[in-house]
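Remarks on the structure that follows.
Below, read A as the first sequence line, B as the second, and so on, with proteins coming before strands; counting in each chain starts at 1.
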Amino acid sequence: MEQLLVIGERVVIFSVLVSALYALVALGFTMIFGVGRVLNLAHGAFLMVGAYTAWFAQRAGVDLYLAAALAVLVCTLLAVALYQGLIRHVQHSVIITLIATLACALLLEEIIKIFFTTTPQILQPFISGSIVLHQTTIISNRVLAFVASWVAIVLFWLFVHRTRWGKVILATAQDQEGAALVGINVRHVYTVTWALSGALAGLAGVFFASWVNLSPFMWRDPLIISFAIVVVGGLGSLKGSIIAAYLIGFLEVLMTYSPSIKFCADYRCFEFLGASWVGVPSLIMLVLILFLKPSGLFGRAHE
Amino acid sequence: MLRIENLHVYYGKAHVLKGVSLHVAPGEFVAVIGPNGAGKTTLFRTISGLKEHHHGVIAFKDAPLPKDPAQIVRRGVIHCPEGRHLFGDMTVRENLEMGAFRWDHRDMSDDLERVYALFPVLRERERQIARTLSGGEQQMLAIGRALMGRPELLLLDEPTLGLAPIVRKAIAEALQQINQDGVTILLAEQNVAFALADARRVYLLETGQIVKVGTPEEFRADEHVRRVYLGGV
Ligand SMILES: Nc1ncnc2c1ncn2[C@@H]1O[C@H](COP(=O)(O)OP(=O)(O)OP(=O)(O)O)[C@@H](O)[C@H]1O
Ligand SMILES: [Mg+2]
């Protein structure tokens, strides 16, 4: 019984922590989908590039804060390049866009393999050590990732709802043609959303690396997570995404713990990301929601 | 003010506008009438840059219009589209503010007052989400949003389609007021009786070609128009 309470406590704490990161991971993906109706399958690969950029800079002796800034910059440029060079021309076709963004992800995977091999790498944390909360030991760096994720989400929300540029993005998301007819340059808006999405992915990549090792295959989980969050949370809804992130994060942590109750004394059993079945709850949720409420929990029927 | 010459527009292989020419003088209220599928919407979308044209000239105030819709809006040509295209999740007020987008940070209280004077119901519903308005209110909001851009030429695509007679009357009166305030209007309408009542000059568009132009009186006197479009009255 005591044992069970401890597990319960850990499930709650860890899912609260990891879900914030999931929300950040999905944020850029959701925005591009909401504004331009583009499913960017390269989103996870952007996270990977962010993580590797930070890791590479760190290895070269750069301070991690600067390395993280570099990761954000590189991912922003990468996202804009992908949009301007490719997506802009194929956006009208859903299928071609899916293929193009998936091809981009696979290409980035190959590039990483060539330059950095498939050997897993570790990004040294912003802060080391751990803190103990009641019966649970938490790696400090993950608390930092949690706080930073929420700060990024809140800043993003303020940007979208409180600034003129945010309003312009919302207007374009709600009616692209209406936006063009009041004089908004829709192409510029798309470029800005891709840049923002890239920046958020870069940041998310750095923090994602506080949960997992770096590898050329690390883009898959964040992509599945983002996909599930968009489907569950509804089209382009920020509130929906956050709730969906928490739902999915909670289910995943629960899944991690249920078969491993016997070694729950060791907090390291939480090193679950990268385990092959970790995406399963997301996929189950995804299928369920598609059956029960195809517009997502917070989507509207007509969209 | 607006001069279109020999305009050809295609959707893929379908030749939809086949050499359309028309002109609108400053201050005029001109209607383009024609049956479903004649190409009215296509013509308007081409003028406002949403659709590219294959061949022909579109000149506004003696200079060719740019290609980009956002640039065309900046020239003062504002299109209130078929289907309204409002920002559904924004309030009435926010939609109107977005309409003034091209004026950046300028004070728009006068413009808002003018729109509210034309359509008082919009003032009452200032905080309502656009998507939840009735069809008539949405149409008024769409016209109001277009006016917030301070148009010199206002393109209105079937603004009273599917609306009750009383709402139609309110909108028709507002259009007269807008025109008297100095805004040039080009109206697309498939209801010929409405167009003849509202406009000062009328073009008849049939399967992508202008087949007749004249005053409402001339149209009412025309045998073809009476038989086909006015039900023989
Ligand atoms: N996006 C499109 N792709 C292909 N064909 C189109 C497209 N839009 C319009 N058309 C075709 O172009 C022709 C003219 O259509 P348009 O919408 O301009 O007519 P309209 O005069 O506005 O009709 P209505 O009174 O019904 O609004 C029609 O034959 C239509 O099928
Ligand atoms: Mg039409």
Does any backbone or side-chain atom of I72(B) lie under 4.5 Å from a heavy atom of chain A? Answer side chain, backbone, both or neither.
neither

Give, as side chain, backbone, both or neither, the part of R75(B) having an atom under 4.5 angstrom from any heavy atom of chain A.
neither

To the nearest 0.5 Å, what is the distance between CZ on F101(B) and CD1 on I184(A)?
5.0 Å

Interface moiety of E94(B) toward chain A, non-hydrogen atoms closer than 4.5 Å
side chain

Check whether V168(A) gets within reach of chain B through its side chain, its backbone, both or neither, counting any heavy atom under 4.5 Å.
both

I'd like to know if E177(A) pairs up with R84(B) as an ion pair, taking the criterion as any Lys NZ or Arg NE/NH1/NH2 lying under 4.0 Å from an Asp or Glu carboxylate oxygen.
no

One should read off an interatomic distance between H188(A) NE2 and D68(B) CG, to the nearest 0.5 angstrom, of 8.0 Å

So for atom NE2, which belongs to H54(B), do other residues, nucleotides or ligands contribute more than 12 heavy atoms lying within a distance under 6.0 Å?
no

As an exercise, state the distance from CG of D175(A) to CG of L86(B), rounded to the nearest 0.5 Å.
7.5 Å

Spatial distance of atom CG (L181(A)) from atom CD1 (I78(B)) [nearest 0.5 Å]:
9.5 Å

Let me confirm one number: the CD-CZ distance from E97(B) to R164(A), rounded to the nearest 0.5 Å.
10.5 Å

Any donor-acceptor pair under 3.5 Å from R102(B) side chain to V182(A) backbone
no

Please say whether more than 12 non-hydrogen atoms of neighbouring residues, nucleotides or ligands are located less than 6.0 Å from NE2 in H15(B).
yes

Spatial distance of atom CE (M90(B)) from atom NZ (K167(A)) [nearest 0.5 Å]:
7.0 Å

Can you tell me if CZ on F156(A) sees more than 12 non-hydrogen neighbours from other groups inside 6.0 Å?
yes

D62(B) atom CG: more than 12 heavy-atom contacts under 6.0 Å
no

